[in-house]
K.L.:
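Okay, handing you the structure first.
These figures come from a predicted structure and were not determined experimentally. The first residue in the sequence is number 1, and the count goes up from there.
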Amino acid sequence: MKKPVAIELKNITKTFGEVVANKNVNLTVYRGEILSVLGENGCGKTTLMNMISGIYFPDEGEIFVNGEPVMIRSPKDAFAYKIGMIHQHFKLVDVFTAADNIILGEKMPVYSVTEETKKIKEKMEKELADVSDEKKKKIQAKYLAKIGALPFIKLGKAFKFGHLTKNRAKVLQQIADQYGFEIDLSKKIYDMSVSEKQTVEIIKVLYRGADILILDEPTAVLTPQEIKKLFDVLRKMRESGKSIIIITHKLNEVMEISDRVAVLRKGEHIATVETKKTNEKELTEMMVGKKIDLNIERPEPVDPKPRLEIKNLTIMNKEGGKAVDDVSFVINGGEILGIAGISGNGQKELLEGIAGLQKTESGDIIFHNPKKNKPVTFFHKTLKQIKEMAKQGFFHYPDGKKVDLTGMKKKEIEKLVNEEQILFYEDEIIDLKHKTPLEIRELGIKLSFVPEDRLNMGLVGNMSIVDNMLLKSYRKGKSIFVNRKKPKILADEIIDELEVVTPSDMTPVRKLSGGNVQKVLVGREISSSPKVLMAAYPVRGLDINSSYLIYNLLNQQKQKNVAVIFVGEDLDVLMALCDRILVICSGRVSGIVEGKKAKKEELGLLMTKTEE
């Protein structure tokens, strides 16, 4: 038996200038079903959902709710039609409790002193009807006191004094209990985990009567245990007749939770299929329009040797607490070390500390610079430094003899260096602690960093793709004028190889989609031929095709003997791509496991429990 239609889109089109985000999209969502929406970056998934939730208004087409045509011009209109959206980035007030956030914006019931006075007087008249004169005075005094208190009660309600929260607490708890949410409604948002904050957002739209829920990347930063709990809740909602739309890039979750899957490609609706009648490979091919190999390669490390050694590293956060607490590990050249953990457990501070962007409280960051039998150059060493290092016995000639520069003239030394006759005996051992990014670069250390916050830290949004390439090389210029020739060549190579969707290489990066911004950043950092590459969530927001492209790039760096640190949120990817996985919880290392032997449940437990 066919289920009743909850929402239907007919020929929906949305454009932004010359860019067509959605074109003649037809989509149906039934009552009591979970529909997944899949598609590459920039295919129009979020734009389409934003039109349903009232953030955008379609240029063409119609939206039907329960078979009736509707006009949704704002989120308020969407709520009127019982539609609610849970965004990937939560919209909560940190200093408020969960309950306060849920009822935020709700108006107090109208409280009229005149009406309340009438009610009290009516009660008083009834009570005075059958009593003696002696009792009448006492009764009148009692009711007059109540009437006199009414203005103060109204004032208290105006200032709330927790009145609304207290009166709604029972209703909110009933919603939580009905769907199996585990939540303390009196808890402040700043004390909550990501999973708890998401629960608050879901209860918020349910409290406002939503029957159609849209979730944007709901599992992006959850542990396997939290994902399981969320899916259990979504199934209960489906059983109660709710319609749920999920935007996600995780195909394994699509297959597990959804009843049907709608696929978008380049703004157009390609097909909607029953989940049980398809598979991950077919869905991927529909998304990208061609066959894709879904196997993540993990080549064996070749002769791995220590490249970066972290010893008892401690980094403080802005509040004075320990963001990174006594962390120690070694990353080898020619391997990928994954870092797993719930977002906000010290991953950001750890990578920024290594890169010289965060002040370290204590500990060491030892870099093993692969210089053995390689020539010294004037690019990162001055003549004075070379002379001093020669005295200490750091160099040898190609025939193996020790370098002695005593009594040599400047021109003789320069000739030997330029002809690559002065070679290192061993790798350089350098402590990067308290070094700035510029000082690290001047030491000849090629360390590349793809930060979590790509636009605020990695790139300059108002600058073009070419100028963002220039940020890494402008100091090498030989005149006061900037040469854009090489940065332009690099920008064009990245656009071509990583399939960056952009009008031109002079387009400001802020005008690109999130996935294309990420491609520009990753491409730039890899282009510098690093010895250490640190990437924080490099595939966050990328479609399946672009994600595999990034995985291949990281493997290419690994095969070039680069030490790769990969901070990820998808445990399946971490287990498939990484040679070892370091798990961090509350700023401490709770375990290091081999990628081949790791299990999701084990990693999930380590992510939520620090070893004593």
K.L.:
Measure from the side-chain N and O atoms of E60 to the backbone N and O of N24, and report whether any donor-acceptor pair falls under 3.5 Å.
P.N.:
no
K.L.:
Keeping the roles fixed (side chain from T199, backbone from S195), state whether a donor-acceptor pair exists under 3.5 Å.
P.N.:
yes
K.L.:
Can you tell me which residue among V564, I336, I550 is in a side-chain contact (heavy atoms from CB on, under 4.5 Å) with N555?
P.N.:
I336
K.L.:
Applying side chain to side chain donor-acceptor pair (under 3.5 Å) between T219 and each of E253, E226, Q198, report the one that passes.
P.N.:
E253
K.L.:
Indicate yes or no for a side-chain donor-acceptor contact from N345 to the backbone of G587 under 3.5 Å, with no hydrogens or angles considered.
P.N.:
no
K.L.:
Using a 4.5 Å cut-off on heavy atoms from C-beta on, say whether the side chain of V593 contacts that of K599.
P.N.:
no
K.L.:
Under 6.0 Å from the NZ atom of K229, do we count more than 12 heavy atoms belonging to anything else shown?
P.N.:
no
K.L.:
Please check this pair: side chain of K14 against backbone of F57, looking for a donor-acceptor N/O pair closer than 3.5 Å.
P.N.:
yes
K.L.:
Heavy atoms only: give me the nearest D184-A98 pair and the separation to one decimal.
P.N.:
O-CB, 4.1 Å
K.L.:
Let me confirm one number: the CG-CG distance from L172 to D100, rounded to the nearest 0.5 Å.
P.N.:
10.0 Å
K.L.:
Contact between L215 and I245 at the side-chain level, heavy atoms closer than 4.5 Å - yes or no?
P.N.:
no
K.L.:
Distance-only criterion, 3.5 Å: show the donor-acceptor pairs between side-chain atoms of residues 46-53 and protein atoms not counting sequence neighbours.
P.N.:
from	atom 1	to	atom 2	distance (Å)
N50	ND2	T46	O	3.4
S53	OG	M49	O	3.1
S53	OG	N50	O	3.4

K.L.:
Taking G39's backbone N and O only, do any of them form a donor-acceptor pair with K45's side chain (distance below 3.5 Å, no angle check)?
P.N.:
yes
K.L.:
Heavy-atom distance under 4.5 Å between the side chains of L582 and I565, does that happen here?
P.N.:
no
K.L.:
Who are the side-chain hydrogen bond (donor to acceptor under 3.5 Å, both in side chains) partners of K23, not counting sequence neighbours?
P.N.:
none
K.L.:
Let's go through F449 and L357 carefully: what are the C-alpha distance in whole Å and the side-chain angles of both, what is the deciding distance for side-chain contact (heavy atoms from CB on, under 4.5 Å) to 0.1 Å, and is it a yes or a no?
P.N.:
CA-CA 11 Å; F449 180 31; L357 296 167; 3.7 Å; yes
K.L.:
Nearest 0.5 Å please: distance from the NZ atom of K197 over to the CG atom of D191.
P.N.:
9.5 Å
K.L.:
Are side-chain heavy atoms of S243 and R31 found at a separation under 4.5 Å?
P.N.:
yes
K.L.:
Is a side-chain N or O of T275 found less than 3.5 angstrom from the main chain of D259, in a donor-acceptor match?
P.N.:
yes
K.L.:
Contact between D77 and M71 at the side-chain level, heavy atoms closer than 4.5 Å - yes or no?
P.N.:
no
K.L.:
When you look at M237 and L234, which way does the side-chain contact (heavy atoms from CB on, under 4.5 Å) test go after all the steps?
P.N.:
CA-CA 5 Å; M237 289 183 183; L234 295 181; 4.2 Å; yes
K.L.:
For the pair E239 and K236, find out whether any cationic side-chain nitrogen is under 4.0 Å from an anionic carboxylate oxygen.
P.N.:
no
K.L.:
Using the side-chain contact (heavy atoms from CB on, under 4.5 Å) rule, take E280 and N252 through it: C-alpha gap first, then chi angles, then the decisive distance, then the call.
P.N.:
CA-CA 7 Å; E280 291 185 19; N252 59 325; 3.8 Å; yes
K.L.:
Can you list everything that forms a salt bridge (Lys or Arg N to Asp or Glu O under 4.0 Å) with K242? Sequence neighbours excluded, please.
P.N.:
D211
K.L.:
Between F64 and P69, which heavy-atom pair has the shortest distance, and what is it?
P.N.:
CD2-N, 3.5 Å
K.L.:
Do the charged groups of E196 and K187 touch, with an N to O distance under 4.0 Å?
P.N.:
yes
K.L.:
Quick one: CD1 on I102 to CZ on F96, what's the gap to the nearest 0.5 Å?
P.N.:
13.0 Å
K.L.:
For atom CD of Q174, is the number of surrounding heavy atoms from other residues, nucleotides or ligands below 6.0 Å larger than 12?
P.N.:
yes
K.L.:
Donor-acceptor pair, distance only, cut-off 3.5 Å: does the side chain of R524 make one with the backbone of I465?
P.N.:
no
K.L.:
Using 0.5 Å steps for rounding, measure from the CZ atom of F181 to the CD1 atom of I203.
P.N.:
5.5 Å
K.L.:
CD/E217 to CD/E569 distance, rounded to the nearest 0.5 angstrom?
P.N.:
8.5 Å
K.L.:
Check whether any side-chain heavy atom of L571 lies under 4.5 Å from a side-chain heavy atom of I581, and answer yes or no.
P.N.:
no
K.L.:
Please report the closest heavy-atom contact between G338 and L574, naming both atoms and the distance.
P.N.:
CA-CD2, 3.9 Å
K.L.:
Would you call R235 and D232 a salt bridge, taking side-chain N to carboxylate O under 4.0 Å as the test?
P.N.:
yes
K.L.:
Evaluate the salt bridge (Lys or Arg N to Asp or Glu O under 4.0 Å) criterion for residues E33 and K3: first the C-alpha distance (whole Å), next the side-chain angles of each, then the deciding distance (0.1 Å), finally the verdict.
P.N.:
CA-CA 9 Å; E33 81 158 349; K3 294 179 179 179; over 6 Å; no
K.L.:
When rounded to the nearest 0.5 angstrom, what distance separates CD in E282 from CG in L251?
P.N.:
12.0 Å
K.L.:
Do side-chain atoms of N22 reach the backbone of T13 as a donor and acceptor pair under 3.5 angstrom?
P.N.:
no
K.L.:
Would you indicate whether the side-chain heavy atoms of F329 and R580 approach each other to under 4.5 Å?
P.N.:
no
K.L.:
Going through the checks in order, is the side-chain contact (heavy atoms from CB on, under 4.5 Å) test met by I257 and L230?
P.N.:
CA-CA 10 Å; I257 191 65; L230 174 63; over 6 Å; no
K.L.:
Is any side-chain heavy atom of I86 closer than 4.5 Å to one of V205?
P.N.:
yes
K.L.:
If I compare all heavy atoms of A598 with all of M575, which pair ends up nearest, and what's the gap?
P.N.:
O-SD, 3.4 Å
K.L.:
For N468 and V460, which heavy atoms make the closest approach, and how far apart are they?
P.N.:
OD1-N, 2.8 Å
K.L.:
Look only at the side chain of N101 and the backbone of V93, and say whether a donor-acceptor pair between them is shorter than 3.5 Å.
P.N.:
yes
K.L.:
Ignoring hydrogens and geometry, is there a side-chain-to-backbone donor-acceptor pair from E8 to T28 under 3.5 Å?
P.N.:
no
K.L.:
Between I315 and E349, which heavy-atom pair has the shortest distance, and what is it?
P.N.:
CD1-O, 3.3 Å
K.L.:
Is a salt bridge present between R298 and D579, judged by a nitrogen-to-oxygen distance below 4.0 Å?
P.N.:
no
